[in-house]
Amino acid sequence: MTATITKEDALLQFLLRMGDNTLILGHRVSEWCGHSPILEEDIALANTALDLIGQTQMWLGLAGEVQGEGKSADDLAFLRDAWDFRNVLLTEVPNGDFGRTMMRQFLFDAWHSIILGRLIKSSDARVAEIAAKASKEAAYHLERSGDTVVGLGDGTEESHARMQDALDYLWPYVGEMFACDAADSEMAAAGIAPDPSGLRDEFDALVGRVLTDATLTIPSSKWAHSGGRDGRMHTEHLGHLLTQMQWLQRAYPGCKW
Amino acid sequence: MTATITKEDALLQFLLRMGDNTLILGHRVSEWCGHSPILEEDIALANTALDLIGQTQMWLGLAGEVQGEGKSADDLAFLRDAWDFRNVLLTEVPNGDFGRTMMRQFLFDAWHSIILGRLIKSSDARVAEIAAKASKEAAYHLERSGDTVVGLGDGTEESHARMQDALDYLWPYVGEMFACDAADSEMAAAGIAPDPSGLRDEFDALVGRVLTDATLTIPSSKWAHSGGRDGRMHTEHLGHLLTQMQWLQRAYPGCKW
Amino acid sequence: SEQERAFQDKIDNDIKIEPRDWMPDDYRATLIRQMGQHAHSEVVGQLPEGNWITRAPTLERKAILLAKVQDEAGHGLYLYSSAETLGETRDELVRLLHEGRMKYSSIFNYPTLNWADIGAVGWLVDGAAIVNQVALQRTSYGPYSRAMIRICKEESFHARQGYHAIMQMAFGSPEQKKMAQDALNRLWFPAMMMFGPHDSDSTHSEQSMAWKIKVKSNDELRQQFVDQTIPQIEYLGLDLPDPAIKWNEERGHYDFGDPDWDEFMDVIRGNGPCNVDRLSARKKAWDDGEWVRDGLLAHARKKASAKVAAE
Amino acid sequence: SEQERAFQDKIDNDIKIEPRDWMPDDYRATLIRQMGQHAHSEVVGQLPEGNWITRAPTLERKAILLAKVQDEAGHGLYLYSSAETLGETRDELVRLLHEGRMKYSSIFNYPTLNWADIGAVGWLVDGAAIVNQVALQRTSYGPYSRAMIRICKEESFHARQGYHAIMQMAFGSPEQKKMAQDALNRLWFPAMMMFGPHDSDSTHSEQSMAWKIKVKSNDELRQQFVDQTIPQIEYLGLDLPDPAIKWNEERGHYDFGDPDWDEFMDVIRGNGPCNVDRLSARKKAWDDGEWVRDGLLAHARKKASAKVAAE
């Protein structure tokens with residue numbers, strides 16, 4: 001399908017994708033609060049969630065501006081239903097055990113740090129500005145999640161097995177981050193954002209290096225889930241997440257908090 | 001505190017208590033759908049949930065009538081927030097493992113079958129009619145949950161330990177079912193419903209018999225949770241349950257389904 | 001052989017095969033596979049619908065959905081029992097499912113994403129299943145045929161309820177109508193796939209037809225489903241989910257487009273949207289329930305031996 | 001003894017005791033108990049607030065709450081480290097907590113039931129904690145005193161944020177105001193209990209005061225909290241949560257009613273609304289995390305020995 005999408009629409013899609021990724025992943029990570037394996041991780045996970053929510057405010061804030069319907073970042077976060085979300089499915093899968101959470105974080109951080117690095121040079125100054133701030137955080141997240149993946153992958157027999165399970169489960173969710181549709185092409189043509197498919201080599205090299213250190217094996221199947229970043233088919237998990245996330249705004253509409 | 005409550009108000013409280021108990025417990029039981037230890041249990045649990053939801057329709061339907069504000073059973077179920085619910089805390093605690101779910105069911109069924117037996121003779125014909133229908137179902141539930149408690153309590157070492165854990169956890173939630181406040185006194189005086197405290201001996205005898213067969217030991221502590229049936233202080237669990245239960249009605253108000 | 005000829009004679013004369021009758025090994029194996037898959041489908045099919053039980057929008061809808069899921073578990077039980085008449089235990093069938101060596105209907109590897117999906121599952125998925133199952137009422141194996149007769153009654157009821165549920169949505173608020181359309185769009189092709197590949201690509205079909213394990217071909221059944229469903233879509237005022245749908249005066253049937261058979265094969269091979277989650281949910285239920293099954297069995301044995309001792 | 005006299009002299013002259021200084025066994029034990037409890041409280045205190053993180057009504061509120069809970073975990077870490085200066089490891093303190101042999105602040109055994117509770121926890125619970133902790137900045141043990149100075153800064157920030165959050169509610173819609181009132185009503189007496197029993201019933205107080213582990217009495221601190229909080233309640237336009245509250249011109253303080261000390265003792269003994277759930281949540285986190293801690297430790301050892309081998 002070739003582009004029958006305006007640049008404005010494409011930009012909106014792009015911003016929603018960036019903001020919904022950080023919103024949904026931030027929500028998932030925040031579920032760990034008070035339940036992690038060690039106090040240092042409680043702190044680190046809360047900090048990661050906090051960064052992601054902060055980035056969400058910027059991306060969705062700009063999305064609301066671009067949309068031009070007077071919607072705030074909060075309106076977009078709390079008043080859309082599942083089908084309007086544009087996050088990749090990877091961010092909405094349940095936390096599972098700590099290993100799956102950290103593997104998910106690592107796979108996301110790797111992609112995130114690469115794309116944010118490109119976005120710093122976006123032709124849209126507003127995008128470049130957000131990326132400049134977010135990329136520092138993402139680099140830090142990647143360092144942490146990468147270290148944890150290596151530590152647990154190359155830890156005990158049990159931790160290795162759990163990390164391999166996590167990787168096997170999550171790998172089919174990786175491909176979606178590199179999908180390219182009309183909106184992406186439009187963004188690439190406008191120099192606003194890179195074509196996601198062009199990021200794959202760098203991702204594979206980075207992830208391959210870390211997973212080798214972690215003594216983990218990348219599954220051979222090439223099949224990938226899709227449907228999140230275009231809203232065509234999210235997982236069943238997203239709807240449940242939203243019941244919590246949006247509860248107060250739905251139950252008490254129009255209030256100030 | 002003595003009664004400064006009108007008979008109408010007391011009746012409304014009584015009906016909400018009956019209906020919220022079955023609503024919330026029915027919801028909890030329905031969470032098992034497709035996840036129970038054996039296919040026969042999937043059927044039995046769905047059936048129990050179905051009975052409880054059916055009873056909810058009757059109790060809350062009558063509550064709406066008595067309240068006289070034009071509210072349907074659905075309005076009451078889906079548009080009140082946690083503090084307006086009047087179920088005992090026992091019904092809202094999470095399912096835990098299958099043993100805890102069945103123990104909770106048994107403790108509730110025992111109380112439920114006893115009170116429904118009395119309500120058949122209620123001076124309020126509408127109450128008596130609902131009780132007549134519900135008590136048959138409750139008797140059947142009690143037989144089933146009692147058998148399961150005995151089977152698992154007097155099963156393997158592991159099943160025994162799990163059932164004792166379940167009983168230890170749940171026992172402090174039993175006392176609330178027999179609390180008596182102004183509304184209860186008013187109902188008792190009007191011959192509409194029995195004083196709950198008067199049901200305790202029969203309950204203790206019944207439950208004691210079954211738990212003896214189950215080789216389980218009733219905890220010695222007399223302390224009991226409270227706050228559900230008067231809405232003063234629910235558990236943190238109820239709010240989470242409502243985010244799911246009420247999602248559609250909150251997100252899409254005023255629709256017909 | 002003599003036995004084989006007598007067996008085929010019975011089938012040709014529409015005499016049902018019963019559990020104690022002689023039957024070819026392949027006939028038995030094919031039936032066990034088919035009935036087992038069918039039973040597994042009922043059990044796994046609880047999951048996508050169960051996904052909305054806690055979010056059903058009214059008490060009435062919650063009750064209807066609970067009753068439906070309960071029925072499906074009942075069908076599973078009934079079908080496992082029928083398969084057991086062929087000498088295969090339920091536990092063994094479940095083991096094969098959990099090891100990924102037996103399948104269930106691929107439709108259940110698609111997610112239920114909005115409330116209208118619940119209506120659409122009843123309407124389209126049960127609708128498609130009924131088309132299949134009505135044909136199977138005439139299947140040659142007695143217990144299977146009788147199971148189908150019983151199951152079809154309940155399924156028709158579910159399909160009607162599903163249609164009513166989606167009707168509420170299609171005739172409801174703009175957002176409800178959008179949900180109905182979204183559900184139809186997502187579930188249409190997966191429902192079409194429920195009838196299996198084209199007759200020309202169907203591997204087991206010929207022998208199954210001769211044995212009357214199968215009674216109508218995949219393409220016949222699919223056409224029947226399309227023909228009965230299009231007028232319903234039009235009645236609901238929803239857009240057709242496939243631009244190729246068109247009444248063909250000459251054939252007296254609707255023409256329609258092919259589903260994406262690559263996706264079909266992907267899902268069959270385990271690469272569907274929910275395959276991994278569905279199977280792991282079932283395995284978890286089974287594993288978590290082990291202590292329960294063991295406990296109840298131990299108690300039953302104690303009771304039995306106490307009874308013997310007392311005699 | 002000579003040592004004891006020198007020790008008490010230092011204390012009387014407001015010279016801080018440092019980790020390597022001689023100290024009486026009871027002083028050490030009392031401090032470990034108090035700092036350990038304080039650390040546990042920070043950790044368990046994540047749970048009632050964490051309960052609302054996934055339901056925070058705006059991105060801003062979610063961020064504020066995340067930052068707060070993160071700070072609390074940080075305080076826990078800091079306090080465990082301070083306790084370690086007395087020779088007790090964090091793991092040992094955690095073990096005692098999980099075995100029910102050490103306490104955490106009873107306030108966290110009350111549930112957070114509506115969003116206003118999150119504001120109220122910051123305002124009332126952190127507010128009460130600060131009253132305590134400001135006094136403890138002058139405590140005699142150096143590391144504890146310094147921990148308190150650092151922690152108090154962040155807690156004041158939290159208390160202010162909490163007050164702003166509940167102000168939004170109190171000045172918001174009628175339902176929001178009702179939530180604020182409900183939160184105040186439920187949390188008022190538990191917050192009052194945070195200062196412990198009346199001085200006349202407080203067991204450890206006298207020695208602790210002499211050692212300046214405690215600096216002000218329970219009743220003094222409680223009065224201070226009441227005096228600073230009542231005007232805030234009035235500013236918010238909420239009803240007073242205790243009918244006995246009344247300005248006493250003569251004393252220059254507010255009079256107020258006693259909390260239910262039986263309930264206080266119940267909660268202390270484990271019979272509070274959330275005791276069982278809180279402790280089991282912490283134990284589950286710890287148990288579920290064992291493989292993580294083991295894995296990371298094993299990896300660290302591999303790396304260390306690889307480094308040695310390479311040298």
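Sequence lines set the chain letters: A, B, ... in the order given, protein chains first and strands last, and positions in each chain run from 1.
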Is [X] in contact with chain B via its backbone, its side chain, both, or neither, using a 4.5 Å heavy-atom distance?
X         : result
Tyr80(C)  : side chain
Ala165(C) : neither
Ser173(C) : side chain
Glu72(C)  : neither
Asp288(C) : neither

*Do we see a donor-acceptor contact under 3.5 Å between the side chains of Asp42(B) and Ser36(B)?*
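Result is yes, a qualifying pair exists.
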
*asked:* Can you list the residues of residues 156-164 of chain B that sit under 4.5 Å from chain C, counting heavy atoms only?
replied: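 Counting heavy atoms that sit under 4.5 Å from chain C, the residues of residues 156-164 of chain B involved are Thr156(B), Glu158(B), Ser159(B), Arg162(B), Met163(B).
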
*In residues 62-77 of chain B, which residues are in contact with chain C at a heavy-atom separation under 4.5 Å?*
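Checking residues 62-77 of chain B against chain C gives Ala73(B), Asp74(B), Ala77(B).
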
*Measure Gln244(B) against the heavy atoms of chain C and call it side chain, backbone, both or neither at under 4.5 Å.*
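Both backbone and side chain.
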
*Select one option (side chain, backbone, both, neither) describing which atoms of Leu45(B) are under 4.5 Å from chain C's heavy atoms.*
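Contact with chain C: none, neither part.
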
*Parallel, tilted or perpendicular: ring planes of Trp59(B) versus Phe14(B), cut at 30 and 60 degrees*: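 Judged by the thresholds at 30° and 60°, the geometry between Trp59(B) and Phe14(B) is perpendicular.
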
*For Arg293(C) against Pro37(B), the heavy-atom pair lying closest together*: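 Closest heavy-atom pair between Arg293(C) and Pro37(B): NH1-O, 2.9 Å.
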
*Ring-face cation contact, Phe108(C) with Arg278(C), 6.0 Å cut, 45° max*: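 No; the conditions do not both hold, so Arg278(C) does not lie above the ring face of Phe108(C).
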
